[in-house]
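Below is one structure, written out as structure tokens, with a few remarks after it.
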Amino acid sequence: MKKVVCAISLLSSLSLFGQNLDKIGKEDLVTVSGGLRSNFILNHTLNQEQFRDPLSWVFSGNVTVTIADFALPFSFSYSNTGRSYTQPFNMTAVHPTYKKFKSHIGITSMSFSPYTYSGINFTGAGLEYNPEKWAFKAFGGRLKKAIEFDADANNINTVSYSRMGFGFGTAYKGKTFGTELLLFKAYDNPTSLDFYHNNPELTAKDNMVVSLKGNASLFKVLRLNAEIATSILTRDILADESSNTTFYGSLVQGNRTTTSSQAYNASIDYRYKTYGVGVKYERIAPDYTTLGAVYFNNDLENITVNPSFSFLKNKLNLSLSTGYQRNNLDAQNASESKRWIGNASLSAQLIKGMSLSLNYSNMSSFSRRNPLADPFYTPLGDTLNYYQTSINLSSSLSYSFGKKTKQSLSATGSYSQSQNITGRLEDAAAFGFNIEESSDEVPVDVYTGMFAHSIQLS
């Protein structure tokens with residue numbers, strides 16, 4: 001049976017701007033600007049159980065007070081799920097700026113790199129300084145608050161230690177060459193919980209990540225990028241100490257649970273007038289982990305190729321992309337998987353105020369599980385090969401108009417089909433080319449659509 005999922009999204013926004021509160025001479029001394037935004041989403045599902053709320057809503061806003069060259073931006077966000085979660089739905093932060101300095105105070109976040117620290121909210125402060133060719137940034141604060149065990153709620157799986165962290169980064173940006181050094185440190189406080197917990201998977205951790213990035217431009221058409229990162233993770237700082245020491249000294253609480261692993265990537269991009277091509281390679285070691293990310297994938301290798309073309313003076317753009325991914329890099333696991341991904345995107349802006357985009361993607365994933373068996377007996381029933389194919393087609397059309405009262409209309413739609421095949425399959429090719437069409441597995445079709453009307457009042 002085919003399943004259909006329908007979604008309707010309604011979007012409205014109101015922006016408020018005020019200034020000229022006080023003037024000295026010909027220059028504004030104090031200016032105030034801000035905006036309010038609301039988003040309502042109506043969810044309805046056919047032919048299957050609905051897991052999302054029928055109505056979801058989010059209110060957000062920001063106010064910026066600027067006194068001379070000193071800016072004080074405030075922001076907030078509140079939603080229907082904010083009553084049960086404090087982050088990231090209910091946040092308050094201020095971001096004072098002065099000339100080339102920018103600070104972040106409150107419940108906020110910064111971004112270093114995906115291998116070190118990226119986007120996790122912290123309660124504390126951060127600072128950025130960007131002179132002409134150099135850039136410096138640093139932050140420090142609480143990454144996670146302690147959650148005690150509640151016998152009534154039986155929240156054994158959500159109990160956590162208090163986690164603190166800090167980071168530092170410095171970068172040089174030249175015309176043809178640039179480099180950046182990043183350091184991230186996070187550690188749990190083993191005394192932050194008052195009561196004993198009975199979760200053996202919960203341990204107090206310590207982590208330090210160092211990353212070095214570099215880029216270079218050659219002949220104005222060729223660009224090189226590379227990054228290598230090392231993560232030193234202690235999975236349990238309360239475990240027995242090891243006699244081995246590291247040259248990192250007091251920055252790492254090392255013991256027998258401490259491991260070191262690497263992640264790196266490199267890319268080459270060639271762009272000339274109306275066409276270009278890029279190649280990227282990425283490898284993340286099986287044990288690589290950073291406490292600076294909510295969720296992190298490791299034990300993978302990615303190879304990506306993405307050509308692109310422009311027509312009609314960049315009014316029509318076509319981009320293609322294909323990639324291959326595999327895991328089990330050390331050949332130590334009983335199971336392994338590999339994926340092939342292909343994507344084609346077309347965007348056009350042939351009429352003023354109107355934009356059109358089309359996207360097609362095809363993904364296939366093949367997993368093999370071969371458990372270790374007795375040398376005189378092979379358990380065929382425990383061997384599982386799993387093949388999944390997915391096709392996605394989406395389109396969007398938007399039109400903006402109005403001068404004093406700006407309005408926009410947008411419509412989006414998508415179609416996807418997925419199919420799962422299990423059994424003792426042979427090694428599958430990319431995009432399901434060698435899978436017979438007579439499979440007993442019935443594909444699943446999903447349709448989604450959305451229409452939005454936005455009005456901005458100045």
What are the two closest heavy atoms between [X] and [Y], and how far apart are they?
X	Y	result
Ser361	Asn343	CB-OD1, 3.6 Å
Ser192	Ala146	O-CB, 3.8 Å
Leu182	Gly169	CD2-CA, 3.8 Å
Asn189	Tyr161	O-CD2, 3.3 Å
Ile120	Gly292	CD1-C, 3.3 Å
Ala138	Met110	O-SD, 3.9 Å

>> Determine whether Asn392 and Ser390 satisfy the following criterion, side-chain hydrogen bond (donor to acceptor under 3.5 Å, both in side chains), listing intermediate values before the conclusion.
In response: CA-CA 7 Å; Asn392 296 273; Ser390 177; 3.2 Å; yes
>> Looking at Pro190, is its backbone amide N or carbonyl O close enough to the side chain of Asp188 to form a donor-acceptor pair, meaning the two atoms are under 3.5 Å apart?
In response: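 Flag not set: sc Asp188 to bb Pro190 has no pair under 3.5 Å.
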> Would you say the side-chain atoms of Asp299 pair up with the backbone N or O of Leu329, donor to acceptor, closer than 3.5 Å?
Replying inline: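 Present.
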>> For Tyr172 and Phe177, take the angle between the two ring planes, folded into 0 to 90°, and tell me which bin it lands in: parallel under 30, tilted 30 to 60, perpendicular over 60.
In response: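 Tyr172 vs Phe177 ring planes: tilted.
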> Under 30°, 30 to 60°, or over 60°: which ring-plane class applies to Phe139 and Phe112, parallel, tilted or perpendicular?
Replying inline: perpendicular
>> For the aromatic rings, using the six-membered ring if either is Trp, is the centroid distance between Phe59 and Phe40 under 6.0 Å?
In response: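 Close enough - the centres of the two rings lie under 6.0 Å apart.
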> Counting only heavy atoms not in Tyr272, do more than 12 sit closer than 6.0 Å to its OH atom?
Replying inline: no
>> Please determine whether the number of non-hydrogen atoms from other residues, nucleotides or ligands lying under 6.0 Å from atom CZ of Arg339 exceeds 12.
In response: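 No, because the 6.0 Å sphere around CZ of Arg339 holds 12 heavy atoms or fewer from other groups.
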>> Tell me which pairs pass side-chain hydrogen bond (donor to acceptor under 3.5 Å, both in side chains) where either residue lies in residues 274-291, with sequence neighbours left out.
In response: Tyr115-Glu282, Tyr281-Glu301, Glu282-Asn302
Is the closest side-chain heavy-atom distance between [X] and [Y] below 4.5 Å?
X	Y	answer
Tyr117	Ser109	yes
Lys137	Glu180	yes
Phe136	Phe101	no
Lys133	Lys173	no

>> Set out, in order, the CA-CA distance, both residues' side-chain angles and the distance that settles side chain to side chain contact (heavy atoms under 4.5 Å, CB included) for Leu316 and Leu346, then state yes or no.
In response: CA-CA 7 Å; Leu316 183 64; Leu346 178 68; 3.5 Å; yes
>> One pair to check against side chain to side chain contact (heavy atoms under 4.5 Å, CB included): Ile341 and Gln325. What are the steps and the verdict?
In response: CA-CA 8 Å; Ile341 299 176; Gln325 181 187 96; over 6 Å; no
>> Any donor-acceptor pair under 3.5 Å linking the side-chain atoms of Thr304 with those of Asn306?
In response: no
> Looking only at side chains, do Thr258 and Thr234 share a donor and an acceptor under 3.5 Å apart?
Replying inline: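 Side-chain D/A pair, Thr258 to Thr234: present.
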>> If I take atom CG from residue Leu143 and atom OG from residue Ser160, how far apart are they, to the nearest 0.5 angstrom?
In response: 11.5 Å
Give every donor-acceptor pair under 3.5 Å between a side-chain atom in residues 206-221 and any protein atom, sequence neighbours left out.
from: Asp206; atom 1: OD1; to: Lys185; atom 2: NZ; distance (Å): 2.8
from: Asp206; atom 1: OD1; to: Gln253; atom 2: N; distance (Å): 3.4
from: Asp206; atom 1: OD2; to: Lys185; atom 2: NZ; distance (Å): 2.6
from: Asp206; atom 1: OD2; to: Gln253; atom 2: NE2; distance (Å): 3.4
from: Asn207; atom 1: OD1; to: Leu291; atom 2: N; distance (Å): 3.0
from: Asn207; atom 1: ND2; to: Ser231; atom 2: OG; distance (Å): 3.1
from: Asn207; atom 1: ND2; to: Ile232; atom 2: O; distance (Å): 3.0
from: Ser211; atom 1: OG; to: Glu227; atom 2: OE2; distance (Å): 2.7
from: Asn215; atom 1: OD1; to: Arg223; atom 2: NH2; distance (Å): 3.2
from: Ser217; atom 1: OG; to: Arg223; atom 2: NH1; distance (Å): 2.7

> Would Leu318 and Leu320 satisfy side chain to side chain contact (heavy atoms under 4.5 Å, CB included), going step by step from the backbone distance to the final call?
Replying inline: CA-CA 7 Å; Leu318 174 64; Leu320 307 173; 4.2 Å; yes
